[in-house]
Amino acid sequence: MGVFSIFPERASTAAAQVDALYAFLLVVGVGMTALIFFFVFFFAVRYRRKSPDDPAPKAIHGSLPLEITWSVIPFLVMLVMFAWGTKLYFQNYTPPPNNTLDIYVTGKQWMWKVQYPTGQREINELHVPVGRPVKLILASEDVIHSFYIPAFRLKHDVVPGSYQTYWFEATRPGRYHIFCAEYCGTNHSDMGGWVTVMEPSEYATWLTGGTGGSMREQGEKLFQQYGCVTCHVTDRQGRCPSLLNVFGKPVVLDDGRTVMADEAYVRESILNPNAKIVKGYNRDIMPVFEGQIGEDGLLQLIAYVKSLSTPTPPNVTRSTK
Amino acid sequence: MADSETILAAAHEPELQHHFDDSAQQLESSTLGMWVFLVTEVMFFGGMFGGYTVYRNMYPEAFASTSHFMNVTIGAFNTAVLIFSSFTMVLAVRSAQLGQKKALIAFLILTLILGCVFLSLKYVEYHEKWVDHHIPGPGFHYADPRYFHQAQILFFLYFAMTGMHAIHMIIGAGLLAALIVMAARNRFSATWYTPVEMIGLYWHFVDIVWIFLFPLLYLIGHTR
Amino acid sequence: MSPTLPFASTEARTNYLNADYGWKSWLFTTDHKRIALLYLFSITAFFFVGGLFAVGMRVNLLTPQGLFSHETYNKLFTMHGIIMVFFFLVPSIPATLGNFLVPMMIGARDLAFPRINLLSWYIYIVGGIFALIAVIQGGVDTGWTFYAPFSSTYSNTHVILAALGVFVSGFSSILTGLNFIVTIHKMRAPGMTWNRLPLFVWGHYATSLIQVLGTPVIAITLVLLGLERLLHAGIFDPTVGGDPVLFQHLFWFYSHPAVYIMILPGMAVISEIVACFSRKAIFGYSFVAFSSIAIAVLGFLVWGHHLFVAGQSMYASMAFSFISFLVAVPSAIKVFNWTATMYKGSVSYETPMLYAFGFIGLFTIGGLTGLFLATMAIDVHVTDTYFVIAHFHYVMVGGMVMAYLGGIHFWFPKITGRLYPEGWAKFAALVVFVGFNLTFFPQFILGYQGMPRRYAHYPPEFQVLNVMSTAGASILALGYLIPMIYLTWAWRHGPSSPQNPWNAKGLEWEQSPTPPPTYNFDHQPVVTEPAYNYSGREQEVDIGG
């Protein structure tokens with residue numbers, strides 16, 4: 001680092017916003033600290049006891065107006081902090097509905113496995129383009145981890161048994177740290193990596209180096225391998241709901257609830273089919289795949305199911321093959 | 001006005017401890033102390049009730065499935081046993097209040113017997129679970145494979161909650177035994193019977209915990 | 001007010017220290033003052049064990065690649081946290097100064113339940129022994145927060161032993177709290193109404209409420225964790241249907257209020273010191289008293305601010321963030337009121353007051369950085385980094401430990417009958433202040449720059465600030481060693497203290513000899529004036545005689 005700065009590099013749209021809020025808090029914090037330090041110092045000196053025989057000072061029991069003032073004013077300042085922080089938090093944790101580039105990150109002791117829809121896989125490396133919202137779908141194979149990119153000012157815990165998401169839009173090409181930020185065992189401090197932000201043209205070039213088929217293609221293979229195709233046939237109704245045009249839309253269940261068919265819904269339906277039964281169908285027909293398909297495979301199957309919806313849900317990148 | 005020497009030398013009520021000014025203060029302190037302790041017990045059980053609520057909401061079908069295996073007959077009978085034992089405990093406290101040593105001992109023994117009946121039936125229930133391989137751990141087995149994992153969690157909570165309750169009952173039984181011995185040795189009188197009252201409060205609390213456990217674990221959502 | 005007793009020399013009198021001799025008279029005592037000393041020695045011992053682990057950590061962090069193996073480092077920070085939180089901070093002031101002073105300050109001869117008081121010390125020791133066995137057997141590596149599923153399914157260390165130690169010591173905390181609540185309600189001397197209580201007592205009352213309501217929840221959480229490790233039923237294991245985040249909710253439901261257990265007694269001490277060394281009643285007494293209660297109540301409603309990035313609902317996070325801001329208000333009120341107390345006071349700079357100045361400044365910084373963490377979007381960046389570590393060390397060490405040292409010095413004459421050397425004490429206070437800031441201020445910067453916590457090694461760009469922090473730690477360690485030496489020396493060889501060397505108000509100073517007799521007072525105190533009546537002009541006579 002050339003010049004010392006209390007701020008790390010800013011490489012996302014969120015970074016500047018978080019830094020601005022931080023600056024506001026710093027001003028308030030330093031200001032309040034200086035105020036208290038000043039008054040304590042000033043009173044301690046101005047009213048110091050000059051001799052042990054000094055008369056006892058008159059008691060001043062309190063002042064209701066003062067108490068109210070110094071309760072209400074700080075509280076109002078805190079409301080500003082609260083409102084600003086809440087707004088930014090919701091913004092940073094709510095991905096834009098359209099046009100995100102989805103990348104799948106799986107954490108396991110002690111590495112990050114990154115999968116792109118186009119099929120590339122990396123360990124401890126993430127490549128993203130500048131200027132395009134990227135949504136990360138985070139999964140864990142074992143314990144709780146946390147995917148942290150200081151330069152983006154963002155992190156989210158990676159919790160086994162569920163998918164977590166957050167999004168960012170990178171603004172500056174470069175290489176930035178990825179850290180695991182939730183203690184996860186012996187090599188927690190080794191579980192880092194690098195996110196490389198590239199210009200869009202460079203990124204497109206990098207993408208063409210994919211191998212093994214896109215996630216969608218790998219998911220299609222699994223769909224056949226595990227026999228899903230025998231029931232969830234995509235072009236006519238069978239004993240189970242067709243998966244054509246299901247992803248990304250609401251589903252009515254047999255108990256009257258309506259849920260959104262998102263990644264978590266598909267994952268649960270594979271691992272624990274009886275948890276939610278679509279209206280008009282019976283339970284106990286689909287086999288339980290808990291323990292049989294790993295997190296990587298689940299993500300590939302989800303990519304395939306996504307591809308069965310037309311128009312393709314906007315957050316899927318078509319295979320370039 | 002009392003000073004140190006006077007306190008030490010005075011031959012006032014034998015049960016008055018030296019740091020209290022009078023018996024009323026001592027009794028009020030003991031009572032408040034026992035109530036505060038019971039509040040801590042509420043928080044202690046509360047954590048488990050919280051966990052149970054979370055999982056019951058997450059897995060309603062598994063819960064309905066496991067509810068078949070709750071022995072409502074034994075549970076209901078045990079509930080009656082405990083409620084009746086609280087009644088005999090109240091009678092014991094009343095006897096102490098009236099200085100009736102024989103009645104006090106009789107009611108304490110009755111309460112203890114009822115508590116032991118409860119614990120014996122609990123043992124029968126737990127034994128049933130053991131036979132059915134419903135005790136969580138390496139030997140766990142659940143007939144319906146759909147709910148294997150969820151059932152193990154729910155049985156875990158069942159054993160944690162009823163087990164913790166049973167431990168409190170066993171402690172209560174021990175305390176009752178101690179009271180019986182103390183009563184037999186003429187430790188209580190109409191002017192001082194604080195331990196009887198305090199342990200009475202504890203016993204009622206243990207009863208109330210069961211009165212919550214029974215509907216939640218045995219009755220709600222029970223299907224045949 | 002009873003007249004000050006005329007004893008100038010303390011040696012001739014029988015007091016609680018020389019009333020009886022022999023190990024049995026100490027290990028089977030029911031005198032709250034002796035029990036306080038039993039706690040003082042054991043808590044100090046644990047402080048040094050926990051401190052030793054911290055030394056290991058800071059030495060390791062001198063270089064980016066570290067010195068110890070990862071396994072060792074992970075155990076060091078875990079054991080540092082467990083011992084400092086559960087075996088030092090939680091009992092510290094309540095079990096030592098609280099035990100010693102609460103009965104005296106309200107004019108009672110002892111706590112309501114002296115034998116339960118002794119029992120709570122033994123329970124603490126048993127819990128501590130379990131924890132030490134866990135250390136000796138090879139340690140624990142889960143972090144003091146024991147997050148599942150790592151702690152329930154993956155860790156290969158002595159989790160159950162450590163959890164057992166914490167579980168057992170929790171009962172010590174509950175019993176102490178229970179004792180204080182009943183004592184404060186039922187054993188106040190005639191005339192000692194609630195609004196004449198010293199703020200030290202108000203602070204301990206609020207602390208006791210939290211101890212009694214919160215500790216049982218961590219107890220049951222650890223029971224469930226231990227059973228889960230044994231039986232693998234799956235309550236926190238997602239591969240078999242459990243929810244790991246449930247553990248976090250249960251854990252923090254206690255552990256957040258616990259931090260208020262750890263700071264309210266410190267604030268209680270500061271109120272006493274600031275009043276005495278300004279020779280003036282605390283400004284806004286009622287506000288300070290009620291702020292203690294408000295902190296205790298609100299403290300139970302904010303635990304979710306530890307889960308902003310854990311997958312908690314954003315709307316729940318919003319509610320927790322809002323209430324976290326709310327709980328800062330009563331803390332701020334106290335800081336303002338202490339400062340206002342010095343206005344037109346008569347301020348002197350003895351060691352206890354120096355520690356009080358340090359507390360006010362450092363707690364302000366620590367508390368304000370808490371606001372940073374309550375601000376959700378900032379928390380997303382700095383949670384699980386050194387920013388959080390700096391924040392809680394500012395409030396716990398810059399706050400609570402300085403208050404503890406201030407209180408020990410303030411009441412040292414009362415407890416021992418001797419005076420400590422003021423010159424050395426002032427020097428040590430300065431060393432502590434400098435060492436502390438050098439250790440922990442760089443960590444705020446490290447945290448915002450992105451250095452995560454619980455890292456055995458780190459990227460090289462973080463080295464400069466880490467070296468600064470370690471240098472500070474060595475100075476801080478010196479600052480803690482110096483009082484150990486001169487206080488031990490002064491206890492045996494210090495000059496005798498008069499009954500009230502500080503001319504302080506309060507029943508413990510004015511109506512009890514120094515050191516006190518076993519039953520605290522020679523005559524039953526009767527209270528006729530408000531607390532901190534330094535100006536001497538407000539005699540409220542409402543009790544005849």
Side-chain angles (χ1 to χ4, degrees), chain B residues 1-8 17-21 24-52 54-55 58-59 62 135-140 147-161 163-164, chain C residues 30 32 103 108-116 171 174-175 177-179 181-183 185-187 189-190 208 211-221 223-224 227-228 230-237 239-243 246 249-250 253-254 517-524 526 545:
Chain B
M1 214 165 292
D3 61 26
S4 309
E5 289 87 332
T6 319
I7 291 160
L8 294 171
Q17 292 172 48
H18 59 264
H19 55 285
F20 289 114
D21 292 331
Q25 187 190 42
Q26 182 173 281
L27 178 60
E28 281 175 39
S29 299
S30 298
T31 311
L32 178 59
M34 179 51 83
W35 278 105
V36 171
F37 173 69
L38 294 179
V39 167
T40 72
E41 294 275 62
V42 168
M43 298 304 291
F44 189 67
F45 279 93
M48 284 188 289
F49 277 85
Y52 162 88
V54 164
Y55 281 113
M58 271 167 69
Y59 303 128
I135 301 195
F140 183 82
Y147 304 127
F148 184 93
H149 292 306
Q150 293 96 316
Q152 188 165 194
I153 293 178
L154 291 166
F155 277 114
F156 175 85
L157 284 165
Y158 166 83
F159 278 106
M161 290 162 84
M164 194 54 76
Chain C
T30 53
H32 64 103
R109 293 189 282 289
D110 205 318
L111 288 175
F113 307 117
R115 288 170 297 189
I116 289 184
F171 288 101
I174 290 173
L175 290 176
L178 188 153
N179 226 336
I181 289 174
V182 177
T183 303
H185 272 278
K186 294 294 175 189
M187 299 185 60
S208 300
Q211 284 175 292
V212 147
L213 292 173
T215 316
V217 178
I218 186 93
I220 196 63
T221 307
V223 166
L224 292 174
L227 286 175
E228 172 63 9
L230 287 173
L231 300 173
H232 295 293
I235 185 172
F236 300 127
D237 184 350
T239 59
V240 287
D243 184 355
L246 175 65
H249 281 285
L250 286 171
F253 187 83
Y254 162 75
T518 303
Y519 295 108
N520 298 338
F521 303 100
D522 287 335
H523 301 281
Q524 167 72 55
V526 174

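So that the names make sense, note that chain A is the first sequence line, chain B the second, and so on, each numbered from 1.
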- Message: Testing the basics here: between C:Gly234 and C:Glu228, what is the closest heavy-atom pair and its distance to 0.1 Å?
- Response: N-OE1, 2.9 Å
- With a 4.5 angstrom heavy-atom cut-off, which part of C:Asn179 approaches chain B: side chain, backbone, both or neither? neither
- What part of C:Leu213 gets closer than 4.5 Å to chain B, counting heavy atoms only: side chain, backbone, both or neither? both
- Message: Heavy-atom pairs under 4.5 Å with chain B - which of C:Val212, C:Leu250, C:Val217 has more of them than the others?
- Response: C:Val212
- Message: Counting heavy-atom pairs closer than 4.5 Å to chain C, which one of B:Glu28, B:Gln150, B:Gln26 comes out on top?
- Response: B:Glu28
- Task: Let me know if C:Leu111 has heavy atoms under 4.5 Å from chain B in its side chain, its backbone, both or neither.
- Result: backbone
- Item | Most chain B-contacting option - heavy-atom pairs closer than 4.5 Å, from C:Leu175, C:Asp243, C:Leu178 | C:Leu178
- Using non-hydrogen atoms only, which part of C:Ala108 is less than 4.5 Å away from chain B: side chain, backbone, both, or neither? neither
- Supply the atom-to-atom distance C:Leu246 CG to C:Ile235 CD1, rounded to the nearest 0.5 angstrom. 6.0 Å
- Query: How far does CD1 of C:Ile174 sit from CE of B:Met43, to the nearest 0.5 angstrom?
  - Reply: 10.0 Å
- May I ask you to name which of B:Tyr55, B:Tyr59, B:Phe159, B:Phe148 has the most heavy-atom pairs under 4.5 Å with chain C? B:Tyr55
- When rounded to the nearest 0.5 angstrom, what is the spacing between CD in C:Gln524 and OH in C:Tyr519? 14.5 Å
- Note on the structure: When the 4.5 angstrom heavy-atom criterion is applied to C:Leu224 and chain B, the contacting part is both
- B:Phe155 and B:Tyr158 aromatic ring geometry - parallel, tilted or perpendicular at 30°/60° bounds: perpendicular
- Whatever's closer than 4.5 Å to a heavy atom in chain B on C:Phe253 counts as side chain
- Query: Side chain, backbone, both or neither: which part of B:Phe37 has a heavy atom under 4.5 Å from chain C?
  - Reply: both
- Winner by heavy-atom pair count (cut-off under 4.5 Å) against chain C, out of B:Gly46, B:Gly51, B:Ser29, B:Gly50: B:Ser29
- Nearest heavy-atom approach of B:Phe20 to C:Arg109 is O-NH2, 3.0 Å
- Can you see which heavy atom on C:Ala112 is nearest to which on B:His19, and at what distance? O-NE2, 2.9 Å
- Task: Measure the shortest side-chain to side-chain distance between B:Gln152 and C:Leu231 over non-hydrogen atoms and say whether it is less than 4.5 angstrom.
- Result: no
- Side chain, backbone, both or neither of B:Leu157 within contact of chain C (heavy atoms, under 4.5 Å): side chain
- Note on the structure: Looking only at C:Ile220, C:Asp110, C:Thr518, the option with the highest number of non-hydrogen pairs under 4.5 Å against chain B is C:Ile220
- Message: Is any side-chain heavy atom of C:His249 closer than 4.5 Å to one of B:Val54?
- Response: no
